[in-house]
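Have a look at the structure below, then the notes.
So you know, we letter chains A, B, ... as the sequences are listed, proteins then strands, and number each from 1.
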Amino acid sequence: MKNEIKRILLDAVRKAFEKGMLPSDKMPEIEIEEPRHLSQGDYATNVAMVSAAVQKMPPRKIAEILVAFIETERLIETVEIAGPGFINFFLSNDVWYPVVDRILEQDKQYGASDIGQNAKVQVEFVSANPTGPLHVGHGRGAAVGDSVGNILSFAGFDVQKEYYINDSGRQIRTLGTSVWLRVLQQTGQDIAFPDTCYQGAYINDLAAQILEQEGYSFVQADEAAAIDRCAMFAAKKILDGIKEDLSSFGVTFDQWFSEQSLYDSGRVQKAIDAFTARDLIYEHEGALWFRTQDYGDEKNRVVVRNNGLTTYFASDIAYHMEKYERGFDRVIDVWGADHHGYIKRMEASVVASGRTRDQFEVILVQLVNLLRGGKPFQMSTRAGEFVTLKDIVDEVGKDAARFMFLSRSYDSGLDFDLELAKQKNADNPVYYVQYVHARITGILLKAKQETLLRDIDFSRGEHLELLTAAEEINLLKLLAAFKETVEKSATTLHPHVIFTYLMSLASAFHGYYNKHKVITEEKDLTRARLSLVLGVKKVIRNGLMLLGVSAPERM
RNA sequence: GCGCCUGUAGCUCAGCUGGAUAGAGCAACGGACUUCUAAUCCGUAGGUCGCAGGUUCGAAUCCUGCCAGGCGUACCA
């Protein structure tokens, strides 16, 4: 429609020039936008204002001339000049009716877009160390990553969701030691448990489990091997738990990628060697350094410490090289905001390995500020005091938790009040949107019971021209805007755009519902309205699906 | 000190690829259920868009400088 208006305007400029009404036939880059207020039409353009310089005339004068040459076609009801020189277009209702047909026809695909051009994109998120259960903070990253993946996929990208498992290095050894010491304690040995070990009660559970499995002889085994065994055992158990928690949070991954596998296949060493050969890595004071400074980082970074152990950065370099080798055009990492200092060096390694800067993007999710009854509630993984994602899902449900995490831009910190979240009351916006879906289902059920309206599974809209109420036209316009909302969300990588859209659609529907009856005495009007609400129902469902929230038939 | 994010109604936040009277939810106040689910709706009230400059016909939106808050600034992960 916007292109249509642009064409009409170009036409008007040309005709006005030919008739000698305008000194130039040039038209600068113009905007066609949807005004905030209904009184300003369906579309407005600033063509007169931006042409003032070229035409050497006041904007309003230009607007008057153009309007005289605009051919009001069937789709345009009226054209007005307003304010400093805006030209406002009021469209006829006919423009909006076909959207219902499109929704009913495309169903679950309505709103899908092809802007992604099938480009291969990888979204990596959560990637929490398997040293303890996921906590609330991970939940936000999980919700964001999963939804961004869904939205990109819906927008025509070829998306793969991946979880990177840090199953190598010091924290895993610490995990093994922690479990081992608990094992010894459980067999009656009086051993101190150091602060540097993981304190959570789950460590005790794991110790009991491995003791049960291995038997008492386990404690007499070689200690180094036993600690190793504990580490493997615990990491596997914890990872299983993480998978389970994510699954009940509605989050699934296409691939779980092991850090250890990068060492086993020699990829880490290969990456170091390759960069060393290009003098991107050099030795200094017994350690190996990457020249990230050459790529805009504030200082160079260590990849191999002087004790011979590699840093996280080393395997991350190899990991990201591997991602592109798998054929991804874009790689998106979802990180907690406390890792933002890591972006520069990661970018450096990506660019150094021959990729362009825009092939690597980091979604920085600001931290979740945990509150309890309005008061700050400090969590500490080390001390074993934290609220797990599982706790939250068990208490408030997957839908409410996900909706809350996605309600705001991840650029802002999120206050998560445990007391508030655990209340299953009407304050929670998820019910506001889900209620629309349930309400419409109720209407359709009722319509089905009416003998005259047995067949309500319309494959296209019926008698749509009878939809003339302001609320109905408004709903149609919102439904038509869903696709561009998806595209905006995909382009900006911001899922909350979908949230905001769903809230406006829900609000428009509730208002309509309270003012008009869908099922009336007039059969044709009823069928028209049923078509409309069926469309609303499908769009609500599609939007919720992108956020990973269910659309209940009943509430 | 430097870097990233944020600063909009009493509270929590949308709006930020510049547009015409800055929006929503909660909280406050007043209304609407013999009706397709009141987990809803309608109305009232509430704002120097952190501050100061700049660019522009036009700035919450872009630029600069301040101020405030969060996070980060390891041969930790």
N/O contacts under 3.5 Å, protein versus nucleotides 1-3 of chain B?
{"from": "B:G3", "atom 1": "N2", "to": "A:H340", "atom 2": "ND1", "distance (Å)": "3.4"}
{"from": "B:G3", "atom 1": "N2", "to": "A:H340", "atom 2": "NE2", "distance (Å)": "2.2"}
{"from": "B:G3", "atom 1": "N3", "to": "A:H340", "atom 2": "NE2", "distance (Å)": "3.2"}

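- Residues A:F416 and A:F405 place their aromatic rings such that the two centres sit under 6.0 Å apart.
- For A:Y312, no side-chain nitrogen or oxygen approaches OP1 or OP2 of B:A77 to under 4.0 Å.
- Contact annotation for A:L364: backbone-only contact, meaning every heavy-atom pair under 4.0 Å involves sugar-phosphate atoms and none involves a base.
- For the pair A:H516 and A:I343, nearest-nucleotide mapping onto RNA chain B gives the more 5' position to A:I343.
- Counting any heavy atom pair closer than 4.0 Å across all strands shown, A:Y342 reaches a base atom.
- When the P atom is compared between B:A9 and B:A74, the two are found 36 Å apart, to the nearest whole Å.
- If you check the side chains of A:E487 and A:S113, you find a donor sitting under 3.5 Å from an acceptor.
- B:C51 takes the anti form, because its glycosidic angle lies more than 90° either side of 0.
- If you check every strand for non-hydrogen atoms under 4.0 Å, A:D338 touches sugar and phosphate atoms only.
- Nucleic acid contact for A:P59: none, since no nucleic acid atom lies under 4.0 Å from a heavy atom of the residue.
- Taking the ring centroids of A:Y163 and A:F125, they lie at or beyond the 6.0 Å cut-off.
- Spacing between B:G58 and B:A14 at atom P, rounded to whole Å, works out to 29 Å.
- Base engagement by A:R554 is indicated by at least one non-hydrogen atom pair under 4.0 Å involving a base atom.
- Using cut-offs of 30° and 60° on the angle between ring planes, the pair A:H494 and A:H496 is perpendicular.
- The side chain of A:S412 lies closest to B:A14 when the candidates are B:A14, B:U37, B:G19.
- Ring planes of A:F499 and A:F403: tilted class, angle from 30 to 60°.
- The environment of CD in A:E31 is sparse: at most 12 heavy-atom neighbours from other residues, nucleotides or ligands sit within 6.0 Å.
- By the stacking rule of 5.5 Å between ring centres and under 30° between planes, A:F86 does not stack on the base of B:G19.
- No engagement by A:H437 is indicated, since no non-hydrogen atom pair under 4.0 Å with the nucleic acid exists.
- Taking atom C1' in both B:G23 and B:G47, the straight-line distance is 11 Å, to the nearest Å.
- The aromatic rings of A:F360 and A:H320 stand perpendicular to each other, their planes meeting at an angle above 60°, with 30° marking the opposite boundary.
- Contact annotation for A:N88: base contact, defined as any heavy-atom pair under 4.0 Å involving a base atom.
- Using P as the reference atom, B:G46 and B:G10 are 11 Å apart when rounded to the nearest Å.
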Original post:
Tell me, what's RNA chain B's dot-bracket, Watson-Crick or G-U with both distances under 3.5 Å, | for other-strand, [ ] crossing?
Top reply: (((((((..((((.....[...)))).(((((.......))))).....(((((..]....))))))))))))....
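- Taking atom P on both nucleotides, B:A27 is separated from B:C42 by 16 Å, rounded to a whole Å.
- Looking at heavy-atom distances under 4.0 Å, A:A82 makes contact with a base.
- Note: A:Y319 and A:Y164 have parallel aromatic rings, judged against thresholds of 30 and 60 degrees for the angle between ring planes.
- Comparing A:N307 and A:M49 against RNA chain B, the residue whose closest nucleotide sits nearer the 5' end is A:M49.
- Side-chain proximity of A:N306 to B:C75, B:C13, B:U40: nearest is B:C75.
- Between B:U55 and B:A59, the distance separating the two C1' atoms is 10 Å to the nearest Å.
- For RNA chain B, the neighbouring residues in residues 487-498 of chain A, judged by any heavy atom under 4.0 Å, are A:K488, A:H496.
- Looking at heavy-atom distances under 4.0 Å, A:S504 makes no contact with the nucleic acid at all.
- At a threshold of 4.0 angstrom between heavy atoms, the contacts of A:K446 are confined to the sugar-phosphate backbone, with no base atom among them.
- Taking atom P on both nucleotides, B:U44 is separated from B:A60 by 25 Å, rounded to a whole Å.
- A donor-acceptor pair under 3.5 Å is formed between the side chain of A:Q199 and the backbone N or O of A:C197.
- Note on A:N46: a base of the nucleic acid sits closer than 4.0 angstrom, heavy atoms only.
- Taking atom P in both B:G18 and B:A32, one finds a spacing of 47 Å when rounded to whole Å.
- Annotation for A:M503: atom CE counts as buried by contact number, over 12 foreign heavy atoms lying within 6.0 Å.
- The side chain of A:V518 approaches B:C36 more closely than any other nucleotide in the set B:C76, B:C36, B:C13.
- Among the protein residues, A:Q171 comes within range of the sugar-phosphate backbone only, with heavy atoms under 4.0 Å from sugar or phosphate atoms but none that close to a base.
- In this pair, A:H339 lays its aromatic ring flat on the base of B:A77, centres within 5.5 Å and planes under 30 degrees apart.
- At a cut-off of 3.5 Å, with distance as the only test, a side-chain donor of A:D399 or A:Q434 sits close to an acceptor on the other residue.
- Donor-acceptor pairing under 3.5 Å is lacking for the side chains of A:E462 and A:S531.
- Of the candidates B:U21, B:G19, B:C75, B:U21 carries the atom nearest the A:Q40 side chain, counting heavy atoms from C-beta on.
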